[in-house]
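Everything below concerns the one structure shown next.
Note that the structure is a prediction, hence the values are computed from the model and not measured. When a ligand or atom number is given, it counts from 1 through the structure's own listing order. Numbering of residues begins at 1 and proceeds along the displayed sequence.
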Amino acid sequence: MSLLEDIRAAADAVRSCEEVTIISHIDADGISSEAILAQALSRDGIRVSTTFVRQLDPLTLDQIPDDSSLKIFSDLGSGQQQMLLEKGLEPSRTIIIDHHVSQPAEHGDPFIEVNCLNHGHEKMSAAGVSYLLARELDSINTDLAKLAIIGNIGDMMDREHLCLTGPAREILQDGVRQGTVELWEHDLNIYGISTRPLPQSLAYSDDMDIPGVSRDPDGAGKFLERIGITPIQPNRWPVWEDLSFDQKQQVCCAVIEQMVAHGKDTGRLFADHYLFPDEDRHQASLRNASEFATMLNSCGRWQRPELGGAICRGDRMVAYREAEHMLRNHRSKIREVMLYITETGVTELSHMLYIHVGGRFPDTIVGIGAGMALSRLNPEKPILIMCEDSLDPSMTKISMRTRPEVVSKGVDLQQALTLACEGREGCSGGGHRIAAGAFIPKEEERAFIEDVNRILAQQYAQSCQDHR
Ligand code: C5P
Ligand code: C5P
């Protein structure tokens with residue numbers, strides 16, 4: 001079956017029902033997927049209720065209502081089909097919309113699954129798949145393209161190529177045609193183009209190593225002043241979005257000169273940005289896809305996914321004001337995780353780095369902090385972070401992150417964690433080659449880490465052999 005055929009099968013199942021329960025993930029991709037699906041279904045007169053979960057495991061599975069509604073799992077489910085079958089979910093009344101690695105149930109009919117990864121599209125998230133289903137249901141739903149872009153960017157589907165590609169890029173074109181999305185192609189590869197003072201944006205770009213600027217906001221300020229870009233008022237710097245075309249050119253040229261003069265690689269200097277011209281400049285956190293996604297993450301990963309959902313549906317009053325507080329807290333906590341990792345230091349094994357942060361931070365954010373810390377550590381090796389599971393202290397949550405260059409050398413974190421879970425009572429894991437997670441019993445920690453390191457070593461060795 002092709003992706004389109006899978007989408008059509010899901011659309012047929014949806015059309016024949018009156019009531020749907022969506023079970024979605026708490027991150028930006030899960031929240032935007034839910035908002036796309038719920039709005040598209042409601043427009044068709046279908047009653048929708050939603051449950052957000054941090055992951056599908058025996059504890060969260062109990063939150064799924066035992067009723068006759070059609071169940072749609074979004075941004076999760078593909079890796080937990082056996083568990084869903086054992087829970088009694090009926091295959092013909094259950095749709096899985098996902099982009100995580102699929103692990104079909106051992107016996108029983110397959111669920112109605114629409115997973116872009118099964119069709120070779122690695123760079124599209126669940127929000128993209130949800131959008132394709134919504135568009136199949138009715139072309140009126142093309143106004144939801146913006147949400148699909150936010151979900152894709154939230155899951156970093158642009159990270160490797162620095163732009164959206166494949167079906168996600170086609171969705172982008174829908175948004176551009178609608179006028180809800182502006183594409184800034186080959187722009188400077190920085191984060192926070194609508195809210196961050198420019199020296200901060202330049203200093204904290206993960207992808208660029210600019211001597212005298214990177215990790216040094218004061219140095220970045222001086223660098224900008226030297227080329228005539230100055231604060232708008234004392235201590236108030238413009239954001240990237242505020243600069244004129246000529247000023248942007250000046251900054252780009254100066255950055256290139258500085259990097260080339262010091263022999264730095266400029267290969268990741270430019271990236272696409274996705275702007276939302278309809279969003280108010282006074283609510284700048286929603287003016288571009290990556291900052292919008294951060295806001296959704298700040299709601300979902302701190303137990304308020306419904307706030308993010310309200311923002312996706314257009315609430316710019318009550319929900320937005322609350323979400324602003326969530327965002328401030330989220331940013332400072334992520335920074336704390338990152339500083340804790342870099343200041344405490346990680347343990348280096350032959351093929352990975354690891355650290356245990358105990359109960360200091362919630363398990364929903366440690367992976368993000370670890371991803372950010374990686375560029376300040378040894379980015380050649382994947383990082384594994386452990387913390388106490390906030391729902392069950394006898395369990396440990398594991399998050400792993402690595403970089404595209406490491407994945408291209410044959411490393412697959414999803415495979416490493418699922419293999420290490422195999423045969424271990426109470427362990428479950430999944431995710432992607434570049435970012436994966438697991439829950440394991442506390443007493444398994446040491447043996448589990450050794451296994452993961454051994455599996456990573458095998459992956460490297462296998463890849464070397466394949467390339468001979
Ligand atoms: O559940 P899920 O797929 O949504 O989580 C994806 C996670 O992987 C996100 O935290 C995202 O930031 C991370 N990721 C990454 N690098 C990528 C793609 C995803 O760190 N290239
Ligand atoms: O939680 P974290 O952001 O580290 O998750 C990274 C990726 O691993 C996500 O895509 C998440 O859905 C997946 N994951 C999983 N099973 C787990 C934990 C995380 O599939 N038990």
Side-chain angles (χ1 to χ4, degrees), residues 24-33 52-60 73-81 83 97-103 115-117 122-129 150-162 164-165 168 191 206-207 290 293-294 296-297 300-301 334 337 361-375 379 382-387 389-392 395-408 411-418 420-421 426-440:
S24 198
H25 194 203
I26 49 150
D27 73 356
D29 188 34
I31 294 171
S32 43
S33 294
F52 283 103
V53 293
R54 66 162 190 178
Q55 203 55 242
L56 279 182
D57 55 39
L59 278 179
T60 51
F73 291 86
S74 83
D75 194 26
L76 31 75
S78 278
Q80 295 86 14
Q81 295 181 54
M83 203 191 290
I97 308 264
D98 206 352
H99 70 127
H100 292 92
V101 176
S102 191
Q103 297 175 51
N115 185 324
C116 47
L117 211 52
E122 209 186 324
K123 303 281 181 260
M124 183 162 74
S125 74
V129 186
I150 294 165
N152 274 287
I153 295 300
D155 262 11
M156 301 193 184
M157 292 298 125
D158 62 334
R159 182 161 165 216
E160 193 174 339
H161 302 299
L162 300 171
L164 292 175
T165 50
Y191 174 81
D206 262 3
D207 271 323
S290 46
T294 306
L296 297 187
N297 268 322
R301 294 192 183 257
I334 298 288
V337 179
F361 307 106
D363 57 58
T364 46
I365 63 157
V366 290
I368 303 178
M372 286 166 69
L374 198 51
S375 60
I383 183 168
L384 181 153
I385 184 164
M386 280 174 282
C387 71
D389 177 346
S390 31
L391 293 183
D392 179 356
M395 296 288 283
T396 297
K397 161 76 194 296
I398 287 185
S399 282
M400 286 198 82
R401 296 289 187 273
T402 191
R403 295 171 72 88
E405 309 83 83
V406 178
V407 169
S408 62
V411 163
D412 181 340
L413 301 182
Q414 184 274 339
Q415 188 201 50
L417 289 187
T418 21
C421 283
C427 292
S428 63
H432 314 277
R433 290 195 291 172
I434 199 157
F439 292 103
I440 63 167

Any protein N or O within less than 3.5 Å of an N or O in ligand 1? List each pair with its distance, or say none.
unit_1	atom_1	unit_2	atom_2	d
ligand 1	1 (O)	His25	ND1	3.4
ligand 1	1 (O)	His100	NE2	3.1
ligand 1	3 (O)	His100	NE2	2.8
ligand 1	3 (O)	Asp155	OD2	3.3
ligand 1	3 (O)	His432	NE2	2.4
ligand 1	4 (O)	Asp27	OD2	2.6
ligand 1	4 (O)	Asp155	OD1	2.9
ligand 1	4 (O)	Asp155	OD2	2.9
ligand 1	10 (O)	Arg401	NH2	3.1
ligand 1	16 (N)	Arg159	NH1	2.8
ligand 1	20 (O)	Arg159	NH1	3.4

Which ligand 2 atoms does Lys397 reach within 4.0 Å, using its non-hydrogen atoms? 1 (O), 2 (P), 4 (O)
Do the side chain of Lys123 and the main chain of Thr165 share a donor and acceptor less than 3.5 angstrom apart? no
State whether the side chain of Asp29 and the backbone N or O of Ser125 hold a donor-acceptor pair below 3.5 Å, judged by distance alone. no
Look at the rings of His100 and His25 and say which category their plane angle falls in: under 30° parallel, 30 to 60° tilted, over 60° perpendicular. perpendicular
Keeping the roles fixed (side chain from Arg401, backbone from Ile383), state whether a donor-acceptor pair exists under 3.5 Å. no
Quick one: do Thr294 and Asn297 satisfy side-chain hydrogen bond (donor to acceptor under 3.5 Å, both in side chains)? Show the steps, please. CA-CA 5 Å; Thr294 306; Asn297 268 322; 5.9 Å; no
Distance filter under 4.0 Å to Ser428 heavy atoms, resulting ligand 2 atoms: 21 (N)
Within the distance-only criterion (no hydrogens, no angle test), does the side chain of Ser74 pair as donor or acceptor with the backbone N or O of Ser24 below 3.5 angstrom? no
In terms of atom number and element, which parts of ligand 2 are under 4.0 angstrom from non-hydrogen atoms of Phe439? 21 (N)
Any sub-3.5 Å donor-acceptor pair from Asp57's side-chain atoms to Leu59's backbone N or O? yes
